[in-house]
Amino acid sequence: MSMSLERQIERLNPPQREAVTAPGQTALVVAGAGSGKTRVLTHRIAWLIEVERAAPQEILAVTFTNKAAAEMRERIGELLHMSPRGLWVGTFHGIAHRLLRAHWREAGLPETFQILDSDDQQRLIKRLLRELGDDTTKPAAVAAFINARKDEGQRARHIDTQGFADRERLAELYRRYEAACERGGMVDFGELLLRSNELWVQQPALRDHYRRRFRHILVDEFQDTNTLQYAWLRNLAGPDTSLFAVGDDDQSIYGWRGARVENMREFERQFPDVKVIRLEQNYRSTGTILSAANALIANNRERLGKNLWSDAGSGEPIRLYAAYNEQDEARFVVEQIEAWAAAGNPRGEVAILYRSNAQSRAFEEQLMARRIRYRVYGGQRFFDRAEIRDALAYLRLVANPNDDTAFERVVNQPPRGIGDKTLETLREEARASGLSLWAVLTRLLEGGGLPGRAASALGGFAKLIGELRAAGNGQPLMDQVTCAVEASGLKAHYAKDPDGRGEGRVENLDELVNAASLFVNEDAELDPLTAFLSHAALEAGDAQGEAGADCVQLMTLHSAKGLEFRQVFLVGVEEGLFPSQRSVEEPARLEEERRLAYVGITRARERLFITYAESRRIHGETRPAMASRFIEEIPAEHLTEVRLRGTVDRPVGARPAGGAGRGAYSGGGFGGGGYGNRDWRSERNAGRGNDFARPAAPPRRESAWGTPPKAAEGAGGLEVGQRVRHGKFGEGVITDFEGQGPRTRVQVKFAGAGSKWLMLDMAGLTPA
DNA sequence: GAATGGTGTAGGTGA
DNA sequence: TACACCATTC
């Protein structure tokens, strides 16, 4: 053992060390949030190589996200001071894809098969429905059905329709969808896994080859495996394979994608000699944050059971902010971030976590207005943009002209005079002959029988694709991409700015060329174009915004899993949004939402804010909202309210201490305009828990930072009760101050515009 | 065949 | 709000 690895392993705590050095066939590591899960996995791999003398090519490590795979690879490299050759680290999808590329013949695929993403998939289904004259079935519902069946390992022929007409219908669509994919050499995400699992089942010799090769299989985020992934693992693991699974049932958040937490229990049952190791010491968060997370997750019934602990201090209370609406919420968060940065803290250690991507908008606007750099993960990804997908479709046709999905996308993009009528002829012909659209097109052009105008338009398209294919032969990838973007007329088309976004789209197309020039094909077996297209499908592109820079991180709770930040804002924590409306009706889904909240809370190392808005605009409609039940599930002693609607901070549960505060809390209902007048706890819980029974603590007058604000002095000679004039809002009376120095904020009750908090420096108030 | 405007609708997470 | 889809017009 090298000294450094030995020392590294000595530094682990006993259960971590036990996991890393566990002998025997199977181990299940139940690893709580922040308990050093990735550390265990990477040390385990280093230990296998250095101590157990395993060859790197005997090790397979599977993760769920590309980000996790990249991190694991990097950390193994650091531990071993080199990048081990032959070690397989990747996502389930990435590894399945690699297998299918290597064994396309055995898998019954054409060598040039292309990957269908969910958008392609829906378009294909839409086409199938149109063929059937079905305009009532929703493509999304069909896609969901097919994907769910694939997640369960079922093909169309396996489906037991039990005489139910709708199920029969869906099964029929699945059959047609399978046929269409088969014809075009197209493989969707689920198919990657399904087919590679069938490879194990139908090609035992091949399976045995990999069983002999991969003596060690390690699985990350095991709680998120679905039926098919689990079957795939069980098939690959032979009697001599050592299977090392790491997971946390409390962080299972992909049920909607078929994940089965039950697989953890199943694993224990099916491998009787499995060694179960629990990692419960948390090294990440303060005691307060952990207690809050523990209390929240205790409301779930279906748990393996574990309790995180930490020997770190309790730290600050969790701050709760009730915003008036989503703009106020964003403004509050961004102000907090400004203060954090002003105090010399890195912005890159701040994350804003939300339930859904659409929520990023208000925060982006505020951050942009205040010129704070930020980075948004997820959402509209680079490879999902319309113009990029167009360009990729041309490239897909170059790689495989039978790819009907790509054909349909660009046959008339940019418009070249090929309309519905002409396309319908093609489609019909294709249906009748079982050929691809491209094959039919070639045949029709040769045989004549097309109206002159259509023939020349189609001829132009065929010529273009032919030229792209010829030009691409042996050319560097970048030249192929340039050619597809330019010769297709795509760039010129978008440059004409058909929708007011032309400039950005042209930039994106240039960026695609740039991406191609930087692309490194790591699989020598694969031609660069196919490798690039697969990369585009499997890794949806990097986050938007400035990479590497010290930026605030914006992402969904789902993409935050596995990450940690010194300061976290958990925003939009409202009933109907988080937990989402539909999940409220189903206990299992509600529990998954709660696990998502648990994931969010446990991302924070030092400081956690939870915010919600009392009024939120959804689908262009403003609706009242109320605090999420998850807030109520956090013990009140861990929460401190921040400046609830113009009053001072107070510990949650404390009664307002009269004076100006009282009015703000009295009264019921919400959505009544102006700053709200409702206690943050909903009626149903008032008087239930002991939160309200505790003796009321005196309201603490403090800013969010715990620094007592100075009163009027230092605030430009203004004081409470003074009449002032504002450029936009007119005349008003100062009712409160908060903060000090450049962060001083002042509350003014305006005659015509209600009560507002203003940054003193910015507001330009003059005595009236 | 292409462009434009109006209408209706909306679940949200991701490889 | 934002986008997809349809009907109308050029």
Side-chain angles (χ1 to χ4, degrees), chain A residues 62-69 90-97 115-123 126 130 135 138-141 143-144 147 150-151 187-193 221 224-226 228-229 252-259 326 353-362 377-381 383-384 386 412-423 451 453-454 457 493 496 498-499 534-541 555-561 572 576-586 589 592-593 595-597 599-600 616-623:
Chain A
V62 198
T63 65
F64 272 83
T65 64
N66 293 302
K67 207 168 13 171
T91 62
F92 274 103
H93 290 90
I95 285 163
H97 172 251
I115 301 168
L116 221 55
D117 67 21
S118 32
D119 189 75
D120 297 325
Q121 188 186 36
Q122 289 222 18
R123 281 164 175 266
K126 203 177 286 178
R130 213 177 301 148
D135 52 1
K138 288 182 184 140
N147 293 338
K150 289 194 178 185
D151 285 346
V187 172
D188 64 32
F189 287 131
E191 186 75 20
L192 287 170
L193 289 164
E221 309 278 15
D224 284 329
T225 50
N226 61 34
L228 179 55
Q229 286 160 337
S252 171
I253 54 175
Y254 284 101
W256 51 276
R257 225 167 65 182
E326 71 271 15
L353 307 182
Y354 34 78
R355 178 67 181 83
S356 67
N357 278 306
Q359 288 168 256
S360 75
R361 198 179 147 150
Y377 288 80
Q380 168 84 307
R381 290 144 209 268
F383 290 116
D384 283 343
N412 199 34
Q413 172 70 354
R416 49 174 70 90
I418 300 167
D420 263 350
K421 197 79 192 297
T422 313
L423 268 178
R453 218 165 104 184
H493 170 69
K496 278 189 306 189
D499 61 356
S534 305
H535 167 81
L538 289 172
E539 305 187 27
M555 65 189 82
T556 63
L557 286 154
H558 281 89
S559 42
K561 190 163 70 153
L577 188 62
F578 188 29
S580 75
Q581 195 50 55
R582 279 289 291 274
S583 65
V584 171
E585 293 146 28
E586 267 178 75
R589 289 182 155 206
E592 181 156 313
E593 294 282 300
R595 290 193 290 268
L596 200 50
V599 166
R616 183 173 293 272
R617 210 175 161 81
I618 293 173
H619 301 318
E621 190 189 359
T622 302
R623 285 159 47 178

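So that the names make sense, note that chain A is the first sequence line, chain B the second, and so on, each numbered from 1. Values in this document were obtained by computation on a predicted structure and should not be read as measured data.
Residue A:Arg355 is in base contact, counting any heavy-atom pair closer than 4.0 Å across all strands shown. Contact annotation for A:Ser559: backbone-only contact, meaning every heavy-atom pair under 4.0 Å involves sugar-phosphate atoms and none involves a base. Across all strands, A:Glu593 comes closer than 4.0 Å to base atoms (heavy-atom distances). Across all strands, A:Arg416 comes closer than 4.0 Å only to sugar-phosphate atoms, never to a base (heavy-atom distances). Residue contacts for A:Lys67: at a heavy-atom cut-off of 4.0 Å it reaches no nucleic acid atom on any strand shown. As judged by a 4.0 angstrom heavy-atom cut-off over every strand, A:Ser580 is placed among the base-contacting residues. Within 4.0 Å of A:Ser534, counting heavy atoms only, lies no atom of the nucleic acid at all. When heavy atoms are screened at a 4.0 angstrom cut-off, A:Asn357 is found touching the sugar-phosphate backbone but no base atom.
Across the interface with DNA chain B, nearest-nucleotide mapping of A:Ala454 and A:Ser583 shows A:Ala454 to be the residue nearer the 5′ end.
You'll find that the side chain of A:His619 is closest to B:dG12, out of B:dA15, B:dG12, C:dC5. Here the side chain of A:Arg381 is nearest to one of B:dA15, B:dG1, C:dC5, namely B:dA15. Closest approach to the A:Lys421 side chain among B:dT13, B:dG14, B:dG1 is made by B:dG1 (side chain taken as heavy atoms from C-beta onward). Each of C:dC5, B:dG14, B:dA2 was ranked by its minimum atom distance to the side chain of A:Lys126; first place goes to C:dC5. Of the candidates B:dA2, B:dG14, B:dA15, the closest approach to any side-chain atom of A:His558 belongs to B:dG14. Listed candidates were B:dA10, B:dG14, C:dT1. Nearest to the side chain of A:Lys138 is B:dA10.
Of the nucleotides present, C:dC10 is the one that pairs with B:dG1 by Watson-Crick or G-U wobble criteria, both distances under 3.5 Å. In this structure B:dG8 sits in a base pair with C:dC3, meeting the Watson-Crick or G-U test at under 3.5 Å.
A salt bridge does not link A:Glu592 to A:Arg589: none of the charged side-chain nitrogens sits closer than 4.0 Å to a carboxylate oxygen. A salt bridge between A:Arg361 and A:Glu326 is absent, with no side-chain N of the basic residue lying under 4.0 Å from a carboxylate O of the acidic one.
Across the P atoms, B:dT13 and C:dA4 are found 15 Å apart, a figure rounded to whole Å.
At whole-Å resolution of the value, CD in A:Glu592 and P in B:dG14 are 13 Å apart. Counting to the nearest Å, the P atom of C:dC5 and the CG atom of A:Asp420 are 13 Å from each other. Whole-Å rounding puts the A:Arg589 CZ to B:dT13 P distance at 14 Å. Rounded to an integer number of Å, the gap from NE2 of A:His535 to C1' of B:dA15 is 13 Å. As a whole-Å value, the separation of A:Tyr377 OH from B:dG12 P is 23 Å. One can place CD1 of A:Ile618 at 15 Å from C1' of B:dT9, the figure rounded to the nearest angstrom. Counting to the nearest Å, the C1' atom of B:dG14 and the CE atom of A:Met555 are 14 Å from each other. A:Trp256 has its CH2 atom 14 Å from the P atom of B:dG11, to the nearest Å.
Remark: A:Lys561 is not positioned above the aromatic ring of A:Tyr254, lacking an NZ or CZ atom under 6.0 angstrom from the ring centre and at most 45 degrees off the axis.
Taking the side chain as every heavy atom from C-beta outward, A:Thr556 and A:Tyr377 never approach each other to under 4.5 Å. Using a 4.5 Å heavy-atom threshold, the side chains of A:Gln229 and A:Val62 count as separate. At least one side-chain heavy atom of A:Ile115 sits less than 4.5 Å from a side-chain heavy atom of A:Leu538.
Distances shorter than 4.0 Å separate none of the side-chain N or O atoms of A:Ser118 from OP1 or OP2 on B:dA15. Within the structure, a side-chain polar atom (N or O) of A:Asn412 is placed less than 4.0 Å from OP1 or OP2 of B:dA2. OP1 or OP2 of B:dG1 lies within a sub-4.0 Å distance of a side-chain N or O belonging to A:Thr422.
A:Ser118 and A:Gln121 share no side-chain donor-acceptor pair at under 3.5 Å.
Aromatic stacking is not marked for A:Tyr254 over B:dT13, as the cut-offs of 5.5 Å for the centres and 30° for the planes do not both hold.
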